[in-house]
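One structure below.
Keep in mind that this is a model prediction, so the values were computed, not measured.
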Amino acid sequence: LEDKGLSISPAEAADYFSRTEYPLAHANDVARNNIRAGILPPDSGHPRYNPHANDIDFQIDADLFGIVCPGMPFTAIRLAEVFGPMMSYGDGLYGGLFVAGMYSAAYFENDRAAVIEQGLKGIPAESQYAQLIRDVLEFYRKDSANWRGCWQMLEDKWAKTDLCPDGYNKPFNIDAKLNGGYVALALLYGEADFPKTLEIATRCGQDNDCNTSTAAGILGAMQGYSRIPRPFKVGIPVISEKPFLNTKYPFTTLNQTCKKLTEIIIRRNGGDVQRLGDREYFSVPVQSPPPPPSLEQFTENMMEDYKPGWIQLEKTRREKFQAALQQDFAKWSKGWTLSHCGTDMPPGLRETYAGRFDVFVTHPQDQNTPCALSWKGTLPPGNPQLRVTAAASDRDPGADWLLRVYVNDQKLDEKTVGLKDGAAEWHEYRFDLTPYAGQEVTIRLENAANGWNFEAAYWGKIEIAPGTNG
């Protein structure tokens with residue numbers, strides 16, 4: 001959103017998502033691998049290609065859209081609809097829309113049940129997700145002091161509906177709607193008390209780190225930062241300047257970025273932001289949620305139909321990913337070929353890395369099988385050189401890899417490519433090819449593991465430079 005603006009397309013969002021390097025699981029992980037393999041939204045989130053389509057993933061991704069759209073649920077949900085189909089379908093998608101709608105409403109609403117009702121307006125009323133949330137509201141209105149009874153109702157009626165491959169017919173449950181029910185339960189029975197809300201969300205179980213965070217965020221939007229109890233804020237200064245994993249954003253910068261987006265969204269929708277003295281005043285346009293999307297539901301029958309395809313899905317993804325990778329490498333490398341490239345970290349083109357543009361990333365296939373970059377041709381006469389510009393990953397202070405150089409299967413040299421003081425540094429290597437001048441040779445560069453700790457190779461340039469005849 002910061003780079004492309006509010007008109008970002010699903011294809012642009014998918015491209016950004018595919019190039020992220022932070023660890024993921026379930027629907028997000030499958031979706032990112034799908035996109036890298038050329039299976040694009042909405043297929044990347046459809047249960048035909050994503051067995052985790054009903055999982056909690058988008059529900060825990062969608063806070064942002066409500067946070068940057070205070071009191072503007074129409075805009076919040078429309079933004080969420082750009083990103084959600086990348087990794088979700090049906091109730092998996094509706095969980096994200098529900099959360100975005102609640103956050104947006106929370107800025108101007110003190111009634112917790114009303115916040116939940118506002119969230120429901122953005123999803124199909126006949127969906128299972130909406131039915132479950134209505135069950136929570138109904139139970140609360142009948143018995144507002146018995147959160148355990150409400151939890152038991154959810155357990156009895158909804159806990160066995162999880163279609164996640166890891167949770168189907170098992171106690172484990174990462175289903176969006178059940179965990180969304182726990183968020184609603186905690187908000188209602190927590191009585192606007194921060195510690196109590198977080199305790200109930202935690203004690204409900206299942207994906208309780210995520211559910212507790214969602215409930216806390218919505219309650220925080222309702223009450224404002226100043227009313228969040230100090231024990232829940234005291235640690236923020238310690239981490240405020242530390243970037244979140246595999247991103248450029250620390251807490252402070254992220255807040256500033258979200259505020260900037262909010263101001264743009266408010267003005268674009270007819271509102272205004274003014275500064276008077278040391279205070280800012282936000283005039284927010286009144287919005288209603290958009291009409292709910294058409295009903296789609298991932299069913300048990302669909303799961304049975306898609307299962308045979310899921311067995312082949314990993315192979316299909318791997319083949320498509322390698323084909324796309326080879327295509328990109330051919331454009332970048334000008335005459336070199338790529339083989340045995342692993343899928344971690346992930347490989348592929350980067351617009352920029354460590355101050356250098358047009359970078360290609362590779363990774364060993366496994367700890368014992370290096371990725372190989374090969375060139376076959378006739379070297380120029382004189383004193384030709386192989387020139388390589390390379391770097392290591394900056395994701396871990398101990399990250400490094402082995403650069404091995406072979407000519408006609410004979411090792412010419414080996415270098416350890418690492419960091420400098422924990423930061424990425426481009427290394428310029430020169431390998432003398434004079435003994436092979438004028439000959440037809442095969443040159444192989446290997447990105448080999450040095451241990452097994454962030455072994456990606458970042459290639460800035462590979463060049464066979466002509467020598468002199470003197």
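- When side chains are defined from C-beta on, L373 counts as touching F329, because their heavy atoms get closer than 4.5 Å.
- Between P347 and G342, the shortest heavy-atom contact is CG-O, 3.1 Å.
- Counting only distance, with no hydrogens or angles, the side chain of N54 and the backbone of L163 share no donor-acceptor pair below 3.5 Å.
- Residues L386 and L412 form no side-chain contact, since every pair of their non-hydrogen atoms from C-beta on lies 4.5 Å or further apart.
- Here the side chain of S104 pairs a donor or acceptor atom with the backbone of M72 at under 3.5 angstrom.
- Side-chain contact check for W151 versus Y182: some heavy-atom pair is nearer than 4.5 Å.
- Between F172 and H26, the two ring planes are parallel [angle under 30°; tilted spans 30° to 60°].
- The heavy-atom pair separating D15 from S18 by the smallest distance is O-OG, 2.7 Å.
- The backbone N or O of A186 lies less than 3.5 Å from no partner atom in the side chain of E199, so there is not a single donor-acceptor pair.
- Interatomic distance, CG of D207 versus CG of N179, reported as 5.5 Å (0.5 Å rounding).
- Within the structure, ring pair (Phe, Tyr, Trp, His ring centres under 6.0 Å) pairs that include any residue of residues 237-265 do not occur (at least two apart or interchain).
- Atom-to-atom distance recorded for M87:CE and F17:CZ is 4.5 Å, nearest 0.5 angstrom.
- A heavy-atom distance below 4.5 Å is found between the side chains of I39 and K320.
- For the side-chain contact (heavy atoms from CB on, under 4.5 Å) criterion with S127, the lone passing option out of L93, L120, D91 is D91.
- Relative to the ring axis of Y16, R19 places its NZ or CZ within 45° and under 6.0 Å from the centre.
- The line from CZ of F65 to OH of Y103 is 12.5 Å long, rounded to the nearest 0.5 Å.
- With E296 contributing its side chain and G90 its backbone, the two residues share a donor-acceptor pair below 3.5 Å.
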Exercise. Run the numbers on K248 and T253 for side-chain contact (heavy atoms from CB on, under 4.5 Å), then give the verdict.
Key: CA-CA 9 Å; K248 65 180 182 180; T253 304; over 6 Å; no
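- A centroid separation of less than 6.0 Å is found between the aromatic rings of H363 and W452.
- Side-chain atoms of D432 come within 3.5 Å of backbone N or O of T434 as a donor-acceptor pair.
- Between N33 and T343, every side-chain heavy-atom pair lies at or beyond the 4.5 Å cut-off.
- Judged by distance alone, the side chains of N453 and D396 do bring a donor and an acceptor atom under 3.5 Å apart.
- Checked by atom type and distance alone, the side chain of D175 never pairs as donor or acceptor with a backbone atom of D55 at under 3.5 Å.
- The shortest heavy-atom contact between G92 and S88 is C-CB, 3.5 Å.
- Counting heavy atoms of neighbouring residues, nucleotides and ligands inside a 6.0 Å radius, atom NZ of K233 exceeds 12 of them.
- At least one donor-acceptor pair closer than 3.5 Å links the side chain of Q297 to the backbone N or O of Q128.
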Self-check item: side-chain contact (heavy atoms from CB on, under 4.5 Å) between I443 and L379, worked out
Solution: CA-CA 10 Å; I443 298 174; L379 292 174; 4.3 Å; yes
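- The number of heavy-atom neighbours closer than 6.0 Å to CD of E463, taken from other residues, nucleotides and ligands shown, is above 12.
- Contacts of P346 classified as side chain to side chain contact (heavy atoms under 4.5 Å, CB included), with partners at least two apart in sequence or in another chain: E21, R36, R350.
- Between Y225 and I236, the closest side-chain pair of non-hydrogen atoms falls below 4.5 Å.
- Side-chain atoms of L338 and S333, non-hydrogen and from C-beta on, never get closer than 4.5 Å to each other.
- Proximity of W375 to V441: side-chain heavy atoms (C-beta onward) are separated by under 4.5 Å at one or more points.
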Quiz item: What's the verdict on side-chain contact (heavy atoms from CB on, under 4.5 Å) for L178 and T161, showing C-alpha distance, side-chain angles and the deciding distance?
Solution: CA-CA 9 Å; L178 180 68; T161 61; over 6 Å; no
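- For E319, there are no salt bridge (Lys or Arg N to Asp or Glu O under 4.0 Å) partners two or more places apart in sequence or in a different chain.
- Residues F83 and A13 approach most closely at CE2-CB, 3.6 Å, considering heavy atoms.
- Pairs passing the side chain to side chain donor-acceptor pair (under 3.5 Å) check and including a residue from residues 419-431, sequence neighbours excluded, read T389-E428.
- Here the straight-line distance linking atom CH2 of W459 with atom OG1 of T362 works out to 5.5 Å at 0.5 Å rounding.
- A salt bridge links R444 with D409; the closest basic N to acidic carboxylate O contact falls under 4.0 Å.
- The two atoms that bring S44 and P85 nearest to each other are OG-O, 4.0 Å, heavy atoms only.
- Using modelled atom types, one side-chain atom of Q131 and one backbone atom of E126 make a donor-acceptor pair closer than 3.5 Å.
- Rounding to the nearest 0.5 Å gives a distance of 8.0 Å between OH of Y306 and CZ of F298.
- For D43 (side chain) and R48 (main-chain N/O), no donor-acceptor pair under 3.5 Å exists by modelled atom type.
- Pairs engaging residues 325-338 under the salt bridge (Lys or Arg N to Asp or Glu O under 4.0 Å) rule: none recorded [sequence neighbours left out].
- The distance from the CE atom of M86 to the CG atom of D61 is 8.0 Å, given to the nearest 0.5 Å.
- Around atom NZ of K260, no more than 12 heavy atoms belonging to other residues, nucleotides or ligands sit under 6.0 Å away.
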Quiz item: After noting the C-alpha distance and the side-chain angles of K177 and F98, does the key distance pass the side-chain contact (heavy atoms from CB on, under 4.5 Å) rule?
Solution: CA-CA 10 Å; K177 60 184 179 291; F98 175 63; over 6 Å; no
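- Salt-bridge annotation for R78 and E81: present, with a side-chain N of the basic residue lying under 4.0 Å from a carboxylate O of the acidic one.
- Within the structure, the salt bridge (Lys or Arg N to Asp or Glu O under 4.0 Å) test picks out the following pairs touching residues 399-408 (sequence neighbours left out): R404-E414, R404-E446.
- For A399 against S393, the heavy-atom pair with the smallest separation is CB-O, 3.3 Å.
- Side chain of T212 to main chain of D209: no donor-acceptor pair is present (N/O by atom type, distance under 3.5 Å, no hydrogens or angles).
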